[in-house]
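Chain naming here is simple, since letters A, B, ... match the order of the sequence lines and numbering starts at 1 in each. Side chains included, hydrogens not; waters and symmetry mates left out as well; all remaining heavy atoms used.
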There are 2 protein chains.
Amino acid sequence: MLSKKCKYAIHALIYLTERYEQGPVHIQEIADKQRIPKKFLEAILLELRNANVLHSKKGKGGGYYLYKNPEEVTLLEIIRLMDGAIAMLPCVSLNYYEPCEECKNETTCGIRDSFIGVRDETLRILTESTLAKIVKREKILSKA
Amino acid sequence: MLSKKCKYAIHALIYLTERYEQGPVHIQEIADKQRIPKKFLEAILLELRNANVLHSKKGKGGGYYLYKNPEEVTLLEIIRLMDGAIAMLPCVSLNYYEPCEECKNETTCGIRDSFIGVRDETLRILTESTLAKIVKREKILSKA
DNA sequence: TAATAAGTCTACAAAGTTAGTATACTAATC
DNA sequence: GATTAGTATACTAACTTTGTAGACTTATTA
């Protein structure tokens with residue numbers, strides 16, 4: 001399951017995608033509209049900023065705005081930033097690899113193959129899911 | 001990520017698969033061989049027993065044994081029993097559905113589709129992964 | 001250039017989950 | 001009826017997640 005933090009991040013980014021290239025958006029506005037505790041949201045946006053997904057502007061009229069192109073920001077990237085590994089086992093994680101404590105011998109482990117399969121399919125789908133596509137989909141769905 | 005509990009369960013079940021139809025195996029033996037804290041293992045095996053995956057025999061010469069056919073016990077079943085939902089969002093879970101708090105309107109939510117895709121692929125792979133296949137794979141790998 | 005708006009940073013606290021332990025009880029076998 | 005081994009309940013410790021508080025920095029604009 002995704003953490004709340006991660007879900008908040010996705011919703012905040014969708015909100016900012018809808019205002020892409022329309023200047024900075026004040027944290028308080030995002031917090032209010034998306035019902036996210038402001039202080040918690042601050043920490044989230046800061047991480048996204050440090051990862052160069054967002055940029056910010058200080059002072060009056062400041063706020064956060066999407067820096068990357070929404071067609072290039074994927075759910076994969078967001079989830080990895082917020083929640084870490086995608087894989088269900090540390091020993092099959094590409095970005096957060098660690099040997100399994102429980103496993104005696106990784107090369108003869110019969111479990112790994114299944115989880116490598118799950119990982120690859122998950123990566124494939126989450127890589128295809130960009131902010132641009134999500135927002136587009138929401139527009140279509142809300143018209144129907 | 002799978003919990004330790006779930007990984008312990010998988011390893012214990014693989015161990016019991018290797019002794020399928022060879023009579024009950026004492027908890028202590030499983031705990032020793034798989035390096036699982038005995039008391040923790042007890043709770044795990046009990047859950048698997050209540051789900052009819054295992055049966056137990058009390059008294060001297062007692063222990064746990066695989067009740068279901070190892071070709072019918074899937075990773076999907078084990079993970080659901082130990083860790084619960086497979087899906088990354090509660091609102092796309094088949095067995096543990098709950099509406100997303102963060103979501104204003106499920107029918108117009110552009111995020112769900114991606115996670116439905118992830119869920120379906122994950123279910124497919126985990127359903128194919130039976131204890132019998134895993135043990136067979138381990139034998140092949142350890143000979144190579 | 002001072003007032004103010006708004007992001008940054010550090011530290012903390014409460015709540016929830018996971019992992020593991022202790023103890024007493026029950027049932028089956030020899 | 002002594003012993004072996006599973007059953008059940010309750011507890012504890014550690015860790016993670018979620019959320020809060022407050023002081024600080026930077027940029028704008030009057």
Side-chain angles (χ1 to χ4, degrees), chain A residues 1-12 16 23-32 34-67 79 81-85 88 90 96 98 100-102, chain B residues 1-12 16 23-32 34-67 79 81-85 88 90 96 98 100-102:
Chain A
M1 285 279 173
L2 299 183
S3 66
K4 281 205 161 192
K5 185 180 170 191
C6 188
K7 291 191 245 175
Y8 287 157
I10 295 171
H11 282 102
L16 289 175
V25 181
H26 185 189
I27 278 193
Q28 192 68 58
E29 180 187 336
I30 307 173
D32 290 347
Q34 301 294 315
R35 291 190 238 106
I36 304 172
K38 190 192 160 201
K39 276 292 179 182
F40 198 18
L41 182 59
E42 279 182 11
I44 293 166
L45 297 184
L46 208 53
E47 273 189 70
L48 292 168
R49 194 195 77 110
N50 291 336
N52 264 295
V53 175
L54 302 179
H55 273 186
S56 61
K57 200 183 161 210
K58 287 191 173 186
K60 197 172 182 181
Y64 281 94
Y65 55 96
L66 197 59
Y67 177 65
I79 295 172
L81 281 170
M82 293 296 121
D83 286 357
M88 297 179 88
Y96 298 83
E98 266 182 67
C100 268
E101 294 171 49
E102 298 79 13
Chain B
M1 285 278 173
L2 298 184
S3 66
K4 279 206 161 190
K5 185 181 170 190
C6 188
K7 291 192 244 175
Y8 287 157
I10 294 170
H11 282 102
L16 290 175
V25 181
H26 185 190
I27 277 194
Q28 192 67 60
E29 180 185 336
I30 307 173
D32 290 347
Q34 301 294 314
R35 291 189 239 105
I36 304 172
K38 191 193 161 201
K39 277 290 175 184
F40 198 20
L41 183 59
E42 279 183 10
I44 292 166
L45 297 183
L46 209 52
E47 273 189 71
L48 292 169
R49 194 195 77 111
N50 292 336
N52 264 293
V53 175
L54 302 179
H55 273 186
S56 61
K57 202 182 160 211
K58 288 188 172 190
K60 196 171 181 179
Y64 281 94
Y65 56 97
L66 197 60
Y67 177 66
I79 295 172
L81 281 170
M82 293 296 119
D83 285 358
M88 296 179 90
Y96 299 82
E98 267 183 69
C100 267
E101 295 171 48
E102 297 78 15

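Straight-line distance from the OH atom of B/Y65 to the P atom of D/dG6: 12 Å, rounded to whole Å. Rounded to whole angstrom, the span from the CD1 atom of B/I27 across to the P atom of C/dA28 amounts to 16 Å. Look at CD on A/Q28: it is 13 Å from C1' on C/dG7, rounded to the nearest Å. Residue B/L2 contributes atom CG, which lies 12 Å from atom P of C/dT18 at whole-angstrom precision. For B/K4 and D/dA13, the NZ to P distance is 19 Å, given to the nearest whole Å. Rounded to a whole Å, the CZ atom of B/R49 is 13 Å from the C1' atom of D/dA5. Atoms CE (B/M1) and P (C/dT18) sit 15 Å apart, rounded to a whole Å. Rounded to whole Å, the distance from NZ on B/K38 to C1' on D/dT4 is 10 Å.
The heavy-atom pair separating A/L16 from A/L66 by the smallest distance is O-CB, 4.3 Å. The nearest pair of heavy atoms linking A/P37 to A/Y8 is CD-OH, 3.8 Å. Considering every non-hydrogen atom in both B/G61 and B/P24, the closest pair reads O-CG, 3.5 Å.
Listed pair B/Y64 / D/dA5 fails the phosphate criterion, with no side-chain N or O lying under 4.0 Å from OP1 or OP2. For the pair A/Y8 and D/dT18, the criterion of a side-chain N or O lying under 4.0 Å from OP1 or OP2 is not met.
Residues satisfying the side-chain hydrogen bond (donor to acceptor under 3.5 Å, both in side chains) criterion with B/E98, sequence neighbours excluded, are absent altogether. Taking the side-chain hydrogen bond (donor to acceptor under 3.5 Å, both in side chains) definition, one finds that A/N52 meets it with A/H55, sequence neighbours left out.
With values rounded to the nearest 0.5 angstrom, B/Q28 atom CD is found 9.5 Å from B/L41 atom CG. With rounding to the nearest 0.5 angstrom, the NE2 atom of B/H11 is 12.0 Å from the CD1 atom of B/I44. If you take CG on B/L46 and CD1 on B/I27, they are separated by 8.0 Å, rounding to the nearest 0.5 Å. Distance check, rounded to the nearest 0.5 Å: CG of A/D32 to NE2 of A/H26 gives 9.0 Å.
Within residues 40-47 of chain B, the residues that have a heavy atom under 4.0 Å from DNA chain D are, in order of number, B/E42, B/L46. Scanning residues 50-61 of chain B for heavy-atom distances under 4.0 Å to DNA chain C yields B/K57, B/K58, B/G59, B/K60.
For residues 45-57 of chain A, the set of pairs meeting the salt bridge (Lys or Arg N to Asp or Glu O under 4.0 Å) definition, not counting sequence neighbours, comprises A/K5-A/E47.
Using a 4.0 Å cut-off between charged nitrogen and carboxylate oxygen, A/K7 and B/E101 do not count as a salt-bridge pair.
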Report, one pair per line, the protein and nucleotides 12-17 of chain C atoms (nitrogen or oxygen only) whose separation is under 3.5 Å.
none

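Minimum atom distance to the side chain of B/K39 is reached by D/dA8, of the listed C/dG20, D/dA8, D/dG19.
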